[in-house]
Amino acid sequence: MLKKLLLLSLTLVFVLSGTAAYAEIPNSEPGKNGNIKWPDGQALPTFADAKHLDVVDLTTSTGDWKLMFATLQGIVNRERPRIYLIEDDYEEGKYTWLNDLNVPYTMKSPRNLLLKYKHEISGVVIYDPAVRDTINVATTMAGLKNAVVASPELAKKLKKSPYNLKVVEDLRGRFKNGLDAYKWQFENLWPKTTHRMLIGLNPITSIDLPEGNWDDFKTVIEEDERIRDSSNRDVYNLDLSEFLGKESVYLRFQDAFTAAGWGPSVHQITVKADGQVITQFVPGTSEEAKHLYDHGGSQVIGGGEGVHRFADGG
């Protein structure tokens, strides 16, 4: 029997949301909610004290809605905290931190919260799902334009009644890959943002595959529960035979619950063809480097002596 060599390439994907460079806020005129103060030598600005918070529970909302509300929160809270988002069912309780703030609050539905503050935003910036890095471009742009970020599908809903938001920017088709998007962002948006703080993210230059795109992937295994106690730690055998026939097979590990920030982890990879071990490696080794397609998109984090694992950046 002719043995087929299976080249296994691992790509750990960063799904980034809610990260934005903030526009400079003029200090010459007092804002309606009080100006922020950012003295030299102080790492973060000081905001006016919160007097009341509108709280929305997004634990059952999709990632697109969470991203949109995160950018709304960034605009509305620019000078004084007014919106509080509950994005996860925290182990210490959803309302523990909120109640510890000792600030009066009112629970709002996502719909009513958006309707209350829609007059404070200029519209919607649509990111390109084909180039996921445009989420970062969109959030920076949204901060400059007082807008919210949305996927094309969500933007369709936001343009209709009762929201009636206009599209201020549409990034679809504007960039061929992530590096192209970040280069444009640096050349066009960097001069307009505050330089008081610089946050570095891996550019993931190889986000585009040699053939096809991320939508061509097929899910072969998925965790449908939020597990944080390692109870799902096990050896998983994945049959990739149906994907053979071309030069390479790409296996992507992605966070099933991006808002939680825990991310997937892989302790060891073994590749077999016709029952024979083709390669076997652990993260951080020279053997692993031969098979990683995106070196910038995965990390090795320690887990005790002799224990390392892949982890996403979430």
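FYI, the numbering just counts along the sequence from 1. All values below come from the heavy atoms of this structure, side chains included, with hydrogens, waters and symmetry mates left out.
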* Does a sphere of radius 6.0 Å around CG in Asn102 hold more than 12 heavy atoms from other residues, nucleotides or ligands, not counting ones at 6.0 Å or beyond? -> no

* Asked: Does Asp49 CG have over 12 foreign heavy atoms under 6.0 Å away?
  -> no

* To do: Take Glu225 and Asn232 through the side-chain contact (heavy atoms from CB on, under 4.5 Å) test and state the conclusion after the steps.
  => CA-CA 10 Å; Glu225 297 182 16; Asn232 60 346; over 6 Å; no

Closest non-hydrogen atom pair, [X] against [Y]:
| X | Y | value |
| --- | --- | --- |
| Leu189 | Met141 | CD1-N, 4.0 Å |
| Trp190 | His195 | O-NE2, 2.8 Å |
| Phe186 | Pro191 | O-CD, 3.7 Å |
| Ile75 | Ala147 | CG1-O, 3.8 Å |
| Tyr163 | Lys118 | O-NZ, 3.0 Å |
| Gln185 | Thr140 | NE2-OG1, 2.8 Å |

Any donor-acceptor pair under 3.5 Å linking the side chain of [X] with the backbone of [Y]?
| X | Y | answer |
| --- | --- | --- |
| Asp128 | Ala130 | yes |
| Asn77 | Ile83 | yes |
| Asn188 | Trp184 | yes |

* Only pairs at least two apart or in different chains count here, so list each salt bridge (charged side-chain N to carboxylate O under 4.0 Å, His left out) that has a residue in residues 178-190. =>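 Output for this query is empty, none listed.
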
Quick one: pull up [atom1] in [X] and [atom2] in [Y] and give me the separation to the nearest 0.5 Å.
| X | Y | atom1 | atom2 | answer |
| --- | --- | --- | --- | --- |
| Tyr182 | Asn177 | OH | CG | 11.0 Å |
| Thr106 | Lys116 | OG1 | NZ | 7.0 Å |
| Arg196 | Leu44 | CZ | CG | 10.0 Å |

* To do: Go through the structure and list residues passing ring-ring contact (aromatic ring centres under 6.0 Å, His included) with Tyr117, not counting sequence neighbours.
  =>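 Once residues adjacent in sequence are excluded, Tyr117 has no partner under the ring-ring contact (aromatic ring centres under 6.0 Å, His included) criterion.
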
* Asked: Should Trp38 and Leu144 be counted in the same cluster of Ile, Leu, Val, Met, Phe, Trp and Tyr side chains packed under 4.5 Å apart?
  -> no

* **Heavy-atom side-chain contact between Leu114 and Leu158 under 4.5 Å** => yes

* Asked: Does some side-chain heavy atom of Leu101 sit less than 4.5 Å from a side-chain heavy atom of Tyr84?
  -> yes

* For Val148, which of Leu154, Thr139, Leu72 qualifies under side chain to side chain contact (heavy atoms under 4.5 Å, CB included)? ->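 Option passing the side chain to side chain contact (heavy atoms under 4.5 Å, CB included) with Val148: Leu72.
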
* **Residues Asp239, Ser241; criterion side-chain hydrogen bond (donor to acceptor under 3.5 Å, both in side chains); working and verdict** => CA-CA 6 Å; Asp239 185 358; Ser241 301; 2.6 Å; yes

For a quick test of your reading: what N or O donor-acceptor pairs under 3.5 Å do the side chains of residues 167-174 make, sequence neighbours left out?
| unit_1 | atom_1 | unit_2 | atom_2 | d |
| --- | --- | --- | --- | --- |
| Glu169 | OE1 | Arg174 | NH1 | 3.0 |
| Asp170 | OD1 | Arg172 | N | 3.1 |
| Asp170 | OD1 | Arg172 | NE | 3.0 |
| Asp170 | OD2 | Arg172 | NE | 3.2 |
| Asp170 | OD2 | Arg172 | NH2 | 2.6 |

* Partner residues of Asp57 under the salt bridge (Lys or Arg N to Asp or Glu O under 4.0 Å) criterion, sequence neighbours left out ->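 Listed in chain order: Lys94.
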
* Could you tell me which residues satisfy side chain to side chain contact (heavy atoms under 4.5 Å, CB included) with Ile221, sequence neighbours excluded, listed by chain and number? =>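 With sequence neighbours excluded, Ile221 shows a side chain to side chain contact (heavy atoms under 4.5 Å, CB included) to Tyr236, Leu238, given in chain and number order.
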
* Asked: Quick one: side chain to side chain contact (heavy atoms under 4.5 Å, CB included) partners of Thr60, sequence neighbours excluded?
  ->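 With sequence neighbours excluded, Thr60 shows a side chain to side chain contact (heavy atoms under 4.5 Å, CB included) to no residue whatsoever.
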
* **Salt bridge present between Glu120 and Arg78 (N-O < 4.0 angstrom)** => no

* **Chi angles and distances behind the side-chain contact (heavy atoms from CB on, under 4.5 Å) call for Val124, Lys159** => CA-CA 9 Å; Val124 182; Lys159 288 190 293 182; 5.8 Å; no

* Would you please test Val56 and Glu87 for side-chain contact (heavy atoms from CB on, under 4.5 Å) and show each step? => CA-CA 9 Å; Val56 61; Glu87 298 185 86; over 6 Å; no

* Does the pair Leu251 and Phe243 meet the rule for a side-chain contact (heavy atoms from CB on, under 4.5 Å), with working shown? -> CA-CA 10 Å; Leu251 182 61; Phe243 303 105; over 6 Å; no

